[in-house]
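Here is the structure we will look at.
Please read these numbers as outputs of a predicted model, since none were measured by experiment. Naming: A, B, ... by sequence-line order, numbering from 1 per chain. What's counted below: heavy atoms across the whole structure, side chains too, no hydrogens, waters or symmetry copies.
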Amino acid sequence: MNIDPKTNGVLTPATTNRISGAEAIVRCLIEEGVDVLFGYPGGAIMPVYDALYDYQDQINHVLVRHEQGASHAAEGYARIKKKPGVCLVTSGPGATNLVTGLADALMDSTPIVCISGQVPRDLLGTDAFQETDVVGVTMPVTKWSYQITKAAEIPIVMAKAFYIANTGRPGPVMIDLTKNAQFEMLDFEYHRAPRIFSYWPTPKAKAEDIEAAAKLINEAKKPYLLCGHGVLISGAQAELTELIEKASIPTACTLQGLSAIPTDHPMCVGMPGMHGNYGPNLLSSECDVLIAVGMRFDDRITGRVDKFAPQAKVLHIEIDPAEIDKIMKTTVAINADAKEALKRLIPLVEQRERPAWLAQYAECAAIEKEKIIDRDTLPKEGAIKMGEVVKLLSDKTEGKAVIVPDVGQHQMAAARYYNYTETDGWATSGGLGTMGYALPAALGCKFAAPNREVVAIIGDGSFQMNLQELGTIMQTGLPVKIIILNNNFLGMVRQWQQLFFDRRYSSVELQNPDFCKIAEGFSIKAVRVSERTDLDGVMQQMLDSKEPFLMEVMVEKEENVFPMVPSGAGVAEVRLE
Amino acid sequence: MEKRFTISVYTENIVGLLLRITAVFTRRHINIESLTVSETERRGISRFTIVVRQSEDMVNKVTKQINRIVEVIFAEYHSDADLISSQLALFKVDIAKEEYLPSLEVLARQANARILIHNNRRMVLEKTGTRDSLEAFLRDLEAYGEVEYVRSGRIAVTSSSSRLSEIIPKLPELNRYPNYSMDHHN
Ligand SMILES: Cc1ncc(C[n+]2csc(CCOP(=O)(O)OP(=O)(O)O)c2C)c(N)n1
């Protein structure tokens, strides 16, 4: 009898029969509820592609145009669907093309399961055609990796792969599958969520830590909360909202935590960090208790660490014990899933009003609005600004779309000026800052949320890093909406050169192709906007479209993103101009 | 303040884990003084003994990062004071003058070294001890001729009870889960 450890003796439907390793891979995916996978075929993975042929009604294989595209599409899917995205690629170059996506997923705690073909077991280590040491190459950029060399291993390893990818702190898993294992036969039997005795993904919060945390919050005069990606991963949005409302805690969402609470929530004070809002940065040097939930104190958030909230006591709620005390010394740490920790914390936290403390944030917000936000979002004349495009999109979609920015100035505009009203409305490459992320990731998001508007906001530089994925979008026909904010520059790098390298512009100006013609070449409708007066109409046309649509907006060439914490400075030294 | 620490890592015994563990150190440019991998008293569980010279704060951080590797059952660190540790060394001495032989034998006996091979020209000695005592012995031997020296990594046990003993009794529980098997690692 088969006992599933999770359901404590209740039988899971296990199917048994003799099939090939290749078919077993597909059956594992079906057992895991995978309905879409992103991939690219080649010699070493052909048996699996052959098996897929028989399962087309159950699994939609999306043929990307480059394996990097597959990895980001899987990431986008995973972010919104909250379950692992899956990639299938061939050996050698197919697998090495995934490396950037794996690294991206590791940094941003995104669950993806990647399967690569490999040369037959007998040829391993012989420099056979398209042989690469995939487990070795991907080791530092995966949460777990494993090479399967016999078919009998497939069910248990696949079950582990999905379980490891999506539990605890999620992350990427790489499974390398030798060709002989795809041909061999096995008795197929599958059980999800296998017990791995060296892996305890969900630590339980200790009662004394919860009590100490409540005491810290109850005694705080000026608490300040940083809401990270962990809140979205654990689905703790409601609990977080309850906590911050009950105790009146001004809360900033990190770049990865955006949309965990609505941007216009009375306790939401914006985003912290290098291009974050003025208040959260400036007042971090005034708060007395800093509460960090599901975040890891990235240096883009802390600025110079010794100057980051040195006066504050730190409460860190975090599932990954290695993150606790890694950057910031904690006063109290709760090593647990955010949802569980917050649920237990809330009853112990006392109700508070903090009008004076909140007013300080409001004051900062007013200064930022006057000096920066109005200028960025309500210009009356001059070239179109990134901020006004994002603001218009926000208004038109009522903050409910899934926004997928690429990397650069436009990413910061998308983070700052979209008014997120619906949770899981955002997927971005934060930790790795991978240009080329947005186009494939947006397609992945659309697969995960077919009924939501998905809009990729991409710089002209970033667009050219993975523009081949227009072909994938064309072939799927999914109505992904694409906005290119074209400043003819690698804008973010140009900004740094202007501010910190005496305006010595070194290799940042782009001679660009005609993006609309390129889109049209892929049969994707495209319109270029150069005049402010056309913006509204074209954007409406884009949003009304039931097909993919690309809108290129010619924006101000040398716009800078402010506020800005110069690298190496303390966040309280945030500059408004 | 930098001190010598010994990190003990108990793991499932699988290919490739060595790379994953050492990468935690190489990423931070931490030099590993010595590294030993061996089977434990429990089949299927390996023990890595890693010696580094670092601040306790840093050792604590890397130990946590090692702990989060999936196949790591647990990792802990100790300073020298909490440990009983030993290393093994072999010394091949090309004896410069035959008349040195008697006093070389005395030296070996005093140092508790075992003579493995012995003829008039050459002696191979084996000695266990701390790194310092082995190196002192090496310097003594060098007075008698050219010496080839090889030393193993450190192995250590804690003076108190080890946590593996707490974990091992729980392991048979695994057998209740037919879908769990470590065999595919072998
Ligand atoms: C793959 C990759 N290469 C280089 C960089 C460094 N980088 C960060 S932002 C940026 C410029 C992005 O330009 P663009 O996409 O046009 O966006 P903009 O900043 O102009 O909005 C560059 C080159 C990166 N983040 N990723």
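Identified by a heavy-atom distance below 4.5 Å to chain B, the contributing residues of residues 169-180 of chain A are A/R169, in residue-number order.
Looking at A/D320, only its side chain comes within 4.5 Å of chain B, counting heavy atoms on both sides. Contact annotation for B/N60: neither backbone nor side-chain heavy atoms come within less than 4.5 Å of a heavy atom of chain A. Heavy-atom distances place no part of A/I148 under 4.5 Å from chain B, backbone and side chain included. Contacts between B/V70 and chain A at a heavy-atom distance below 4.5 Å involve backbone atoms as well as side-chain atoms. Proximity to chain B (any heavy atom under 4.5 Å) is shown, for A/S145, by both the backbone and the side chain. Neither the backbone nor the side chain of A/Q147 comes within contact range of chain B, judged by heavy atoms closer than 4.5 Å. Only the side chain of B/R68 has a heavy atom closer than 4.5 Å to any heavy atom of chain A.
Looking at A/M139 and B/L17, their side chains never come closer than 4.5 Å, going by heavy atoms from C-beta outward. Looking at heavy atoms from C-beta onward, B/K64 lies out of side-chain contact with A/K326 at the 4.5 angstrom threshold. Side chains of A/W144 and B/E71 form a contact here, defined as non-hydrogen atoms less than 4.5 Å apart. Side-chain atoms of A/K329 and B/D57, non-hydrogen and from C-beta on, do get closer than 4.5 Å to each other.
Annotation for B/R122: atom CZ does not count as buried by contact number, only 12 or fewer foreign heavy atoms lying within 6.0 Å. At most 12 non-hydrogen atoms from other residues, nucleotides or ligands lie less than 6.0 angstrom from CD of B/E146. Enclosure of atom CZ in B/R53 by more than 12 non-hydrogen atoms of other residues, nucleotides or ligands within 6.0 angstrom is indicated. In this structure, B/E148 places its CD atom where only 12 or fewer heavy-atom neighbours from other residues, nucleotides or ligands lie under 6.0 Å away. In this structure, B/I117 places its CD1 atom where only 12 or fewer heavy-atom neighbours from other residues, nucleotides or ligands lie under 6.0 Å away.
In this structure, CD1 in A/I196 is found 8.0 Å from CD in B/E12, a value given to the nearest 0.5 Å. B/K61 contributes atom NZ, which lies 10.5 Å from atom CD of A/E323 (distance to the nearest 0.5 angstrom). Note: A/W200 CH2 to B/N67 CG = 8.5 Å, rounded to the nearest 0.5 Å.
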